[in-house]
A.B. asks: 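Here it is, the structure, as structure tokens.
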Amino acid sequence: MTDYKATLNLPHTDFPMKAGLSKREPERLEQWRQLDLYRRIREAAAGRPKFVLHDGPPYANGSIHIGHSINKVLKDVIVKARGFEGFDAPYVPGWDCHGLPIEHKVEQKVGKAGHKVDARTFREECRAYAAEQVEGQKKDFIRLGVFGDWDNPYLTMNYDTEANIVRALGQIVDKGLLTKGFKPVHWCLDCASALAEAEVEYQDKKSPAIDVAFAAVDPADFTARTGVEAGAPALVIWTTTPWTLPANQAVAVHPEEDYVLLGGDQDGQPRELVVAEALADDAAERYGLENVRRSAAFKGQVLESLSLRHPFLDRRVPVVLGEHVTTDAGTGCVHTAPGHGEDDFVVGKRYGLEVDSPVQDNGVFRDGLPVVGGLHVNKANGPVIEALQEGGTLVAKKSITHSYPHCWRHKTPIIFRATAQWFISMGGHGLLERAREEVKTVTWTPDWGQARMEGMLRDRPDWCISRQRTWGVPITLFVDKDSSEPHPDTPRLIEEVAKRVEQEGIEAWFQLDPAELLGEDAERYSKVTDVLDVWFDSGTTHFSVLEQRPELTVPADLYLEGSDQHRGWFQSSLLTSTAMRGAAPYKGVLTHGFTVDEQGRKMSKSLGNVIAPQEVWNELGADILRLWIASTDYRGEMTVSKNIFKQVADSYRRIRNTARFLLSNLNGFDPAANAVAPDDMLALDRWAVARAAQLQDELRELYNGYQFHQVYQRLHNFCANELGGFYLDIIKDRQYTSRGDSVARRSCQTALYHIAQALARWMAPILSFTAEEIHEHLPGDKADSVFLTTWYDGLFGLPADADMDLAFWERIQAVKQAVNKAIEEARNRKELRANLTADATLYVDDQVRALLERLGDELRFVTITSTAALEPLATAPAELEESAVAGLKVKVVPSPNPKCARCWHHRADVGVDPAHPEICGRCVTNVEGPGEERHYA
RNA sequence: GGGUCUGUAGCUCAGCUGGUUAGAGCGCACCCCUGAUAAGGGUGAGGUCGGCCGUUCAAAUCGGCCCAGACCCA
């Protein structure tokens, strides 16, 4: 038997089937580094329209987790896709470097500032620690394949950034938006500092729950207001923080709520207690009242300004009205201490109540106070309750477990405490109102982001930006020692300070002798030592980064972060930008969800369902991680598990092998010399290119709309359906058996070349490593990197007058499916094995005949059967069922003809040439004749 | 407890303004190939569209309630 295999053009490529990503990706990174690729891309894109995605700085602490990966990869996909779309899309990564978590880490190492080390040394340690963290995270971000200016990122602790944060504060002061206030803030007793809202978390806590009677000073006044006769009426409040009672200034009731006077005996003593009607039964039971009498109901508003006696202090407090009062629990009468609660503070302001804050920074009550003087708040509940008992004002006492704010670092309960703090006023110059207007100008993705942002801005309180901490950008103000007013020359002073900070960092402020700047005035002013909330640092990067770096612009085109940042960075950025320049710092905001496990639960160490990104790229490769991120709809929760990564790896292989097959069939193809002109290409090949062109349009639209999971779906389906299941299967015969340089084969290679070119770029934003590998294996002249190109412009559609248009080929695919089905049935009946052992007869009506006749003799190459004959539908054997294609029945029988040793088709003309007894006529001409002609497939 | 979301085959996703037997790819089962071979081709089985109640001639698509989950807030 002659070996005809040598006469075939079998596929060959060095592009490996096995990706070996975990090993190859680091090599690729090194190659990119040596190419100085990020800079090369910038050069190539110079002068093109800009697209600025501004990086929200991750906090410089800890190794990166899967959430970081999602965030950075989504950004990278967008930046790269914008590059292919023809934009100059720089990416300057950043880090958030000041703040509490770093202080905590450093405290564990060197002890608290001011105790074991001085503040200056402590800050140096913080700076060193943050720098180290930045390097660690940077290494991982680079490993993910994220392109950016990694040699020159922005750090909020860079001296110039610190200086510009100070300048940003200066602008806020200039606008008159900085105010000093005495307000209740979350106060951590262990931090001895105010906490940002983000630093507070809720946990269950056991607390005493007491009911306390506030007796009316004048029972006659009570009766006059309510029409209820009473000897010694008292309003009852319910509280879980007895220690705040010394600061009580009022009792709040709801104006529209119904209240009643409960009369009865408690342990033999008569009581006359005012509670909300809705809670009266509960209350009576809780108090163990006997012989209960209940008065007619009256509205809360009639009690307004009724004078009450403080339960254990010599103080008279009024009844006030508040919409915040609820009847969910308690009594409907609310203990009000403006120094210890937000609602209380607001009501207190309306009624001119005193903001009493008897607790000092260290959590200890001021000396000399009755009952609690000198006591720590954590030890004050007992004495307060005793005092109530003695005064007979304690009506009930039990213990409850409830959700209570805790410090996210110390995990200890925090308190509300009024302290002197610096605020950015939301009302100043209508800041909040203006910001709400700006929200409307922004494109939110998903669109509900707007509603969420608006909701959060609706009742936004003033922003407390001061922190009594060590590692942060200082609030660089000199305030009058008497009036606490900032120095009248503050704008100039702040710029002076900023210049020094630019040279020496924030230490310049802490070491500054006020006399240097103030001269003789230094006596009258003191330096503020508070530092800024870190949200101010990151919130002003639109100024300290976007406005400073020449390659960036304000507003940015896009901010992209997790959906928690509606309250975080998106908001701090919006507020400061609106305050400083009257406009939002971004044109668009995109948010992604958080990861959950297969049960839909969040990732946490305690649940043990955490997947480390490092593990993923070490085992499967960064491209698999990237593909997972792209394949998941980021708008909702993103489910992640080992199992899902396994599935993603499976689909990765499909895409990779499709590319590999394209490349292997480009063996011996030089596009410059061998490409066939579009008009000379075979119909099927032109169709394949046209489908690719169509797909490219879709993919571009999907990339532009940030719909990456759809990009993935379309890309994968194209590889599996149009290519694997149809085109590539069909062209194998022609590729392998026709003459090496025949039009039939070169036409196909031309199509494969165009598709491979396009495919590498389609996947490049997502599968960056693999795309570069494909690009590397492409024949012909090419750029040093796929990322130095834009979308492939070598694709072309079908001619407008094409006989075989897209609809035609769609019908052909349906016919092929019908044939497949008939073959499969025959195979199951054990009549057939391989497709090419089959002869197919297609019984067709006139319509289908008109369709299929256009392919002439080449129909059998499409059906991949040895013959494909057309017969009238009416002559079909009775037992044949109609196929899924109307007007078509398919009969498949084993071919009676001998198998050609070369092309494996079963043909009657095998041995037609005596010199080649084992092969068919077609193969003879392909082996030593002029070669067969193909027109369609 | 409040705000904003999510819930379609084992998995990842389509299903537009309500209208024939709810689709795709993967996975799975079975078959084929051995000239893409730790690949490739084919056929097939999988769905109470989270649940309940409504509106409607008609709902995965509209409304209400409930359940589960996420983020934010209290």
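Note: hydrogens, waters and symmetry copies are ignored here, and every other heavy atom, side chains too, is used. First the proteins, then the strands, lettered A, B, ... as listed; each starts at 1. Here the structure is a predicted model, which means the values were calculated and not measured.
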A.B. asks: Can you check whether A:Val910's main-chain N or O pairs, donor with acceptor, with A:Arg907's side chain at less than 3.5 Å?
C.D. replies: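 Side chain of A:Arg907 to backbone of A:Val910: no pair is present.
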
A.B. asks: State the pairing partner of B:rC57; accept Watson-Crick or G-U wobble contacts with both distances under 3.5 Å, and report none otherwise.
C.D. replies: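 Here B:rC57 is engaged in a pair, and the nucleotide opposite it is B:rG19.
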
A.B. asks: With RNA chain B as reference, determine whether A:Ile644 or A:His716 sits nearer its 5' end, using the nearest nucleotide of each.
C.D. replies: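 Going by which nucleotide is closer to the 5' end, it is A:Ile644.
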
A.B. asks: Distance check, P atoms only: B:rG23 and B:rG44, in whole angstrom units.
C.D. replies: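 To the nearest whole Å, 14 Å.
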
A.B. asks: Mind checking what makes side-chain hydrogen bond (donor to acceptor under 3.5 Å, both in side chains) contact with A:Thr863, not counting sequence neighbours?
C.D. replies: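 Per chain and number, A:Thr863 pairs via side-chain hydrogen bond (donor to acceptor under 3.5 Å, both in side chains) with A:Thr865.
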
A.B. asks: If we take the P atom in both B:rC31 and B:rG50, what is their distance in whole Å?
C.D. replies: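 Nearest-Å result for B:rC31 against B:rG50 at atom P: 36 Å.
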
A.B. asks: To the side chain of A:Asn717, which of B:rA14, B:rG27, B:rA24 is closest?
C.D. replies: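 Closest nucleotide among those given: B:rA24.
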
A.B. asks: If you check every side-chain atom of A:Arg601, which of B:rA14, B:rG69, B:rU34 has the closest atom?
C.D. replies: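 Selected nucleotide: B:rG69.
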
A.B. asks: Mind checking if A:Arg458 touches a base, just sugar-phosphate, or nothing, with heavy atoms under 4.0 Å?
C.D. replies: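 The answer is nothing, as A:Arg458 stays clear of every strand by at least 4.0 Å.
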
A.B. asks: Answer whether the closest heavy-atom distance between the side chains of A:Asn667 and A:Gln735 falls below 4.5 Å.
C.D. replies: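 No, side chains not in contact.
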
A.B. asks: Mind checking whether A:Phe416 and A:His340 have ring centres under 6.0 Å apart?
C.D. replies: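 Ring centroids of A:Phe416 and A:His340 are no less than 6.0 Å from each other.
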
A.B. asks: Can you tell me the base-pairing partner of B:rC71? Count Watson-Crick or G-U wobble geometry only, both distances below 3.5 Å, and say none if there is no partner.
C.D. replies: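 For B:rC71, the partner nucleotide comes out as B:rG3, under the 3.5 Å rule.
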
A.B. asks: Distance between the C1' atoms of B:rU48 and B:rA9, in whole angstroms?
C.D. replies: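 That atom pair is separated by 12 Å.
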
A.B. asks: Rounded to whole Å, how long is the line connecting atom CD1 of A:Ile629 with atom P of B:rU12?
C.D. replies: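 Nearest whole value for this atom pair: 15 Å.
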
A.B. asks: Separation of A:Arg734 atom CZ from B:rG35 atom C1', in whole Å?
C.D. replies: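 Nearest whole value for this atom pair: 17 Å.
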
A.B. asks: Look only at the side chain of A:Arg626 and the backbone of A:Pro765, and say whether a donor-acceptor pair between them is shorter than 3.5 Å.
C.D. replies: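 Here the side-chain-to-backbone pair exists.
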
A.B. asks: With heavy atoms under 4.0 Å as the rule, sort A:Gly725 into base, sugar-phosphate or nothing.
C.D. replies: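 Sugar-phosphate contact only - A:Gly725 comes under 4.0 Å of backbone atoms but never of a base.
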
A.B. asks: Closest approach to the side chain of A:Arg827, judged atom by atom: which nucleotide of B:rG10, B:rU34, B:rG41 is it?
C.D. replies: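 Per side-chain heavy atoms of A:Arg827, the pick is B:rG41.
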
A.B. asks: Please name the nucleotide paired to B:rU12 by Watson-Crick or G-U wobble geometry with both distances under 3.5 Å, or report none.
C.D. replies: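 Its partner is B:rA24 (Watson-Crick or G-U wobble, both distances under 3.5 Å).
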
A.B. asks: Could one point to a donor on the side chain of A:Arg452 or the base of B:rC71 with an acceptor on the other under 3.5 Å away?
C.D. replies: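 A donor-acceptor contact between them is present.
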
A.B. asks: For A:Asp597 and B:rA68, what is the distance between atoms CG and C1' respectively, to the nearest whole Å?
C.D. replies: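 Rounding to the nearest Å, CG of A:Asp597 and C1' of B:rA68 are 13 Å apart.
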
A.B. asks: Select base, sugar-phosphate, or nothing to describe what A:Asp650 touches, counting heavy atoms under 4.0 Å on all strands.
C.D. replies: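 It contacts sugar-phosphate atoms only.
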
A.B. asks: Tell me whether the side-chain N/O atoms of A:Tyr712 come closer than 4.0 Å to OP1 or OP2 in B:rG25.
C.D. replies: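 No, outside the criterion.
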
A.B. asks: Does A:Gln713 contact B:rU12 through a side-chain donor or acceptor facing the base, at a distance under 3.5 Å?
C.D. replies: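 Counting by modelled atom types and ignoring angles, a donor-acceptor contact under 3.5 Å is found here.
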
A.B. asks: For the P atoms, the ones on B:rC26 and on B:rG64, what distance do you get once it is rounded to whole angstrom?
C.D. replies: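 After rounding to an integer number of Å, I get 39 Å for this pair.
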
A.B. asks: On RNA chain B, check which nucleotide each of A:Ala720 and A:Ser664 is closest to and give me the residue with the more 5' one.
C.D. replies: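 It is A:Ala720, whose closest nucleotide lies nearer the 5' terminus.
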
A.B. asks: Once you apply a heavy-atom cut-off of 4.0 Å, does A:Thr632 come out as touching a base, just sugar-phosphate, or nothing?
C.D. replies: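 Here A:Thr632 touches the backbone only, sparing every base.
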
A.B. asks: Can a side chain N or O of A:Thr639 be found less than 4.0 Å away from OP1 or OP2 on B:rU12?
C.D. replies: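 Yes.
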
A.B. asks: Picking from B:rC33, B:rC71, B:rG27, which would you name as closest to the side chain of A:Gln647?
C.D. replies: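 Shortest atom-to-atom distance from the side chain points to B:rG27.
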
A.B. asks: Could you give the distance separating B:rA45 and B:rG40 at their P atoms, to the nearest angstrom?
C.D. replies: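 Those two atoms are separated by 23 Å.
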
A.B. asks: Could you tell me how far apart A:Asp447 (CG) and B:rU4 (C1') are, to the nearest whole angstrom?
C.D. replies: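 Rounded to the whole Å, the gap is 12 Å.
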
A.B. asks: Please determine if a side-chain N or O atom of A:Arg833 lies less than 4.0 Å away from the OP1 or OP2 oxygen of B:rU34.
C.D. replies: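 So the side-chain polar atoms of A:Arg833 never come under 4.0 Å of the phosphate oxygens OP1 or OP2 of B:rU34.
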
A.B. asks: Looking across every strand, which nucleic acid part, if any, lies under 4.0 Å from A:Lys732 by heavy atom: base, sugar-phosphate, or nothing?
C.D. replies: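 Counting heavy atoms under 4.0 Å across all strands, the contact made by A:Lys732 includes a base.
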
A.B. asks: Please give the distance between the C1' atoms of B:rA14 and B:rC49 as a whole number of Å.
C.D. replies: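 Pairwise C1' distance, B:rA14 against B:rC49, rounds to 13 Å.
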
A.B. asks: Looking at every strand, decide which applies to A:Asn721 at a 4.0 Å heavy-atom threshold: base, sugar-phosphate, or nothing.
C.D. replies: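 Sugar-phosphate contact only - A:Asn721 comes under 4.0 Å of backbone atoms but never of a base.
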
A.B. asks: Expressed in whole Å, how much space separates the C1' atoms belonging to B:rA60 and B:rG47?
C.D. replies: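 Per the computed distance, 11 Å lies between those C1' atoms.
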
A.B. asks: Out of B:rC32, B:rU43, B:rA70, which has the shortest distance to the side chain of A:Asn820?
C.D. replies: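 Nucleotide nearest to A:Asn820's side chain: B:rU43.
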
A.B. asks: By nearest atom, which of the nucleotides B:rA36, B:rC33, B:rC31 is closest to the A:Phe661 side chain?
C.D. replies: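 Side chain of A:Phe661 sits closest to B:rA36.
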
A.B. asks: Parallel, tilted or perpendicular for A:His566 and A:Phe570, by the 30°/60° rule?
C.D. replies: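 The rings of A:His566 and A:Phe570 stand perpendicular, inter-plane angle above 60°.
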
A.B. asks: Let's see if you can work this out: which of B:rG41, B:rG42, B:rA39 has an atom nearest to the side-chain heavy atoms of A:Met17?
C.D. replies: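 From the listed options, B:rA39 comes nearest.
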
A.B. asks: When all nucleic acid strands are considered with a 4.0 Å heavy-atom cut-off, which category describes A:Gly636: base, sugar-phosphate, or nothing?
C.D. replies: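 Touches nothing.
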
A.B. asks: Scan A:Arg902 against the nucleic acid and name what it touches under 4.0 Å (heavy atoms): base, sugar-phosphate only, or nothing.
C.D. replies: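 It contacts base atoms.
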
A.B. asks: Aromatic rings A:His777 and A:Phe15: how do their planes relate, parallel, tilted or perpendicular, breaks at 30° and 60°?
C.D. replies: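 Perpendicular, since the angle between the ring planes exceeds 60°.
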
A.B. asks: Whom does B:rU43 pair with, Watson-Crick or G-U wobble, provided both distances fall under 3.5 Å?
C.D. replies: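 Across all strands, the one nucleotide that pairs with B:rU43 is B:rA29.
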
A.B. asks: Minimum heavy-atom separation for A:Leu560 to A:Asn71, with atom names?
C.D. replies: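 So the minimum-distance heavy-atom pair works out to O-ND2, 3.2 Å.
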
A.B. asks: Taking a pair as Watson-Crick or G-U wobble with both distances under 3.5 Å, which nucleotide is matched to B:rU37?
C.D. replies: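 For B:rU37, the partner nucleotide comes out as none, under the 3.5 Å rule.
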
A.B. asks: Figure out the CZ/C1' separation between A:Arg656 and B:rA36, and round it to whole Å.
C.D. replies: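 Atom CZ in A:Arg656 sits about 13 Å away from atom C1' in B:rA36.
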
A.B. asks: Check the angle between the aromatic planes of A:Trp569 and A:Tyr559 and answer parallel, tilted or perpendicular using the 30° and 60° thresholds.
C.D. replies: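 Ring orientation, 0 to 90° scale: parallel.
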
A.B. asks: Test for a donor-acceptor pair under 3.5 Å between the base of B:rG69 and the side chain of A:Glu637, counting only N and O atoms.
C.D. replies: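 Answer is yes: a donor-acceptor pair is held.
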
A.B. asks: For nucleotides B:rU55 and B:rU61, find the distance between their P atoms and express it as a whole number of Å.
C.D. replies: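 That atom pair is separated by 15 Å.
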
A.B. asks: Rounding to a whole Å, what distance do you find between A:Lys602:NZ and B:rG7:P?
C.D. replies: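 Atom NZ in A:Lys602 sits about 21 Å away from atom P in B:rG7.
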
A.B. asks: Mark this stacking check for A:Trp904 against B:rG35 as yes or no, applying ring centres under 5.5 Å and ring planes under 30°.
C.D. replies: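 A:Trp904 vs B:rG35: stacking yes.
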
A.B. asks: Have a look at B:rG46 and give me syn or anti from its glycosidic angle (syn if within 90° of zero).
C.D. replies: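 This nucleotide is in syn.
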
A.B. asks: Calculate the interatomic distance between A:Glu598 atom CD and B:rA70 atom P; express it in whole Å.
C.D. replies: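 Rounding to the nearest Å, CD of A:Glu598 and P of B:rA70 are 16 Å apart.
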
A.B. asks: Take the protein atom CD of A:Gln817 and the nucleotide atom P of B:rA24, then report the distance between them rounded to whole Å.
C.D. replies: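 Distance check: A:Gln817 CD to B:rA24 P gives 10 Å.
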
A.B. asks: I want to verify a distance call: between B:rU43, B:rA24, B:rG35, whose nearest atom is closest to the A:Glu824 side chain?
C.D. replies: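 So the side chain of A:Glu824 is nearest to B:rU43.
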
A.B. asks: Do the ring centers of A:Tyr706 and A:His592 come within less than 6.0 Å of each other?
C.D. replies: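 No, the ring centres sit 6.0 Å or more apart.
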
A.B. asks: Given B:rC13, B:rG3, B:rG35, identify the nucleotide with an atom nearest to the side chain of A:Gln710.
C.D. replies: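 Nearest nucleotide to the side chain: B:rC13.
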
A.B. asks: Report the nucleotide, chosen from B:rU12, B:rC72, B:rU37, that has the shortest atom-to-atom distance to any side-chain atom of A:Arg567.
C.D. replies: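 The answer is B:rC72.
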
A.B. asks: Under 4.0 Å between a side-chain N/O of A:His566 and OP1 or OP2 of B:rC5, yes or no?
C.D. replies: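 No.
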
A.B. asks: Whether A:Lys821 contacts B:rG44 is assessed here as follows: a side-chain N or O lying under 4.0 Å from the phosphate OP1 or OP2. Is that the case?
C.D. replies: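 A:Lys821 to B:rG44 OP1/OP2: side-chain N or O found under 4.0 Å.
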
